[in-house]
Every structure is written in C-alpha cells, then in structure tokens.
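Accompanying notes for the structure given below.
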Amino acid sequence: MPHFDLEYYLEKRRKGVPFSEIRTELKTKGFDEFEIKLHIKELDDAELETATTKSYKGSAKVFMYMGIGLMTLGIGITYFTKQLNYSQYIMAYGPAVAGIFLYMYGRTNLKKAKK
C-alpha cells in the first residue's frame, strides 16, 4: 500500500498545483479510486483549515489595533481637554474602556488561533 504524505501535497497546493494533477499523481502511485477521494478530501480539509486560521489571526489583529486606537482616543481626549486649562474637561472613559475590551477580545482570539 502506497504512503500518502499530506504535507508534501499541501505544499504542492500552495504552489498552485490543481487537484486534478494531484489525483493523477496518486493514481500513478497505485492508490485506488476510493483512497484517492479520501486523500483529496483530507487535503482539501487541511487546506481550508489553514486558510481559516490565517483569516482568524487577521481579524484578531484588527480587533487589537482597533482597541489600541480607541484607548489612545479616549486618553487623548482627556489629556488635551485638560491641557486647554478650562475649568472643566472631558473624561473620555467610554472609548478607553471599549478599547481595552476590544484589545483583550482580539488578544484572546489570537491566542486561540495559534493553538
């Protein structure tokens, strides 16, 4: 029984080799039609999981950057209104707290995606 190397075929897919070519190669290596279908499905699932993980990491980073931006905005509004030397100034807790939550949400999702 021939051996199926998933990593080898994943690398071929990353290089743009179509499934039909991989299917033909598996057929020449002696795999029967049922095994080929199973291996192609396994390869497709692994490829999809890799793409999903990359997307998940990207969206987690976006949440982190949005959180940092909101924290900076909240602290900046408070700081600059205080610097204007008015008797009153704006304490922008809302954006700062929302920024902290967004940052933590993104960081948690990034850690989940790395597992």
Side-chain angles (χ1 to χ4, degrees):
M1 182 175 170
H3 173 69
F4 179 73
D5 185 10
L6 180 63
E7 292 300 319
Y8 169 74
Y9 289 107
L10 268 174
E11 188 59 35
K12 284 187 108 174
R13 284 291 299 152
R14 284 187 200 110
K15 291 179 180 176
V17 176
F19 280 115
S20 59
E21 217 172 284
I22 293 172
R23 186 180 295 274
T24 305
E25 183 178 329
L26 291 174
K27 204 174 266 190
T28 58
K29 286 187 175 183
F31 287 97
D32 66 13
E33 197 59 38
F34 180 71
E35 289 175 320
I36 291 173
K37 284 181 183 177
L38 286 177
H39 292 314
I40 292 292
K41 181 171 178 10
E42 181 182 2
L43 180 60
D44 188 38
D45 290 345
E47 190 177 19
L48 183 61
E49 183 178 329
T50 303
T52 304
T53 302
K54 285 181 182 178
S55 172
Y56 201 57
K57 284 182 184 178
S59 65
K61 287 181 181 179
V62 168
F63 276 109
M64 289 175 66
Y65 293 137
M66 285 176 23
I68 290 170
L70 278 174
M71 283 187 283
T72 304
L73 178 70
I75 293 168
I77 289 172
T78 303
Y79 176 76
F80 287 116
T81 57
K82 177 71 173 162
Q83 291 300 316
L84 293 175
N85 292 327
Y86 291 125
S87 60
Q88 297 176 345
Y89 61 96
I90 300 170
M91 295 292 290
Y93 287 123
V97 171
I100 291 169
F101 283 118
L102 279 175
Y103 178 80
M104 295 306 291
Y105 177 75
R107 188 168 174 200
T108 304
N109 284 342
L110 189 61
K111 285 182 180 180
K112 285 180 185 176
K114 286 183 179 180
K115 287 183 182 180

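- Under the 4.5 Å side-chain heavy-atom criterion for grouping Ile, Leu, Val, Met, Phe, Trp and Tyr, Ile22 is connected to Tyr8 within one hydrophobic cluster.
- In this structure, the side chains of Asp45 and Lys41 come closer than 4.5 Å at one or more pairs of heavy atoms.
- Residues passing the side chain to side chain donor-acceptor pair (under 3.5 Å) test with Tyr103, sequence neighbours excluded: none.
- Taking every heavy atom of both residues into account, Ala92 and Thr78 meet most closely at N-OG1, 3.0 Å.
- In the hydrophobic cluster analysis, where Ile, Leu, Val, Met, Phe, Trp and Tyr join through side-chain heavy atoms closer than 4.5 angstrom, Val17 is grouped together with Leu26.
- Surrounding OH of Tyr9 are more than 12 heavy atoms belonging to other residues, nucleotides or ligands, all under 6.0 Å away.
- Residues Tyr65 and Phe101 fall into different hydrophobic clusters, defined by Ile, Leu, Val, Met, Phe, Trp and Tyr side chains chained together at heavy-atom separations under 4.5 Å.
- Ring-plane geometry between His39 and Phe31 is classed as perpendicular, the angle between the planes exceeding 60 degrees on a 0 to 90 degree scale with a lower cut at 30.
- In this structure, CD1 on Ile75 lies 10.5 Å from CE on Met91, to the nearest 0.5 angstrom.
- When hydrophobic clusters are built by joining Ile, Leu, Val, Met, Phe, Trp and Tyr residues whose side-chain heavy atoms come closer than 4.5 Å, directly or via intermediates, Phe34 is not grouped with Ile36.
- Applying the 6.0 Å contact sphere to NZ of Lys27 captures no more than 12 heavy atoms from other residues, nucleotides or ligands.
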Applying side chain to side chain contact (heavy atoms under 4.5 Å, CB included), run through Asn109 and Lys112 and close with a yes or a no. CA-CA 5 Å; Asn109 284 342; Lys112 285 180 185 176; 4.3 Å; yes
Stepwise side chain to side chain contact (heavy atoms under 4.5 Å, CB included) test for Phe4 and Glu35: CA-CA 10 Å; Phe4 179 73; Glu35 289 175 320; over 6 Å; no
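- In this structure, Leu38 is not a member of the same hydrophobic cluster as Leu43, with clusters built from ILVMFWY side-chain heavy atoms closer than 4.5 Å.
- In this structure, the side chains of Asp44 and Glu47 come closer than 4.5 Å at one or more pairs of heavy atoms.
- Of the residues listed (Thr108, Ile68, Leu102), the one engaging Phe63 in a side-chain contact (heavy atoms from CB on, under 4.5 Å) is Leu102, and it is the only one.
- Residue Glu11 holds its CD atom at 11.0 Å from CG of Asp5, rounded to the nearest 0.5 Å.
- Although no hydrogens or angles enter the test, the distance criterion places no donor-acceptor pair under 3.5 Å between the side chain of Glu21 and the main chain of Pro18.
- The neighbour count for Phe19 CZ, taken as heavy atoms of other residues, nucleotides or ligands under 6.0 Å away, is above 12.
- Residue Thr81 comes nearest to Ile77 through the heavy atom pair OG1-O, 2.8 Å, listed as atom of the first residue, atom of the second, then distance.
- Taking a 6.0 Å sphere around CZ of Arg13, one finds it holds more than 12 heavy atoms contributed by other residues, nucleotides or ligands.
- Taking both residues in full, the closest heavy atoms of Glu33 and Arg23 are given as OE2-NH1, 3.6 Å, listed atom of the first, atom of the second, then distance.
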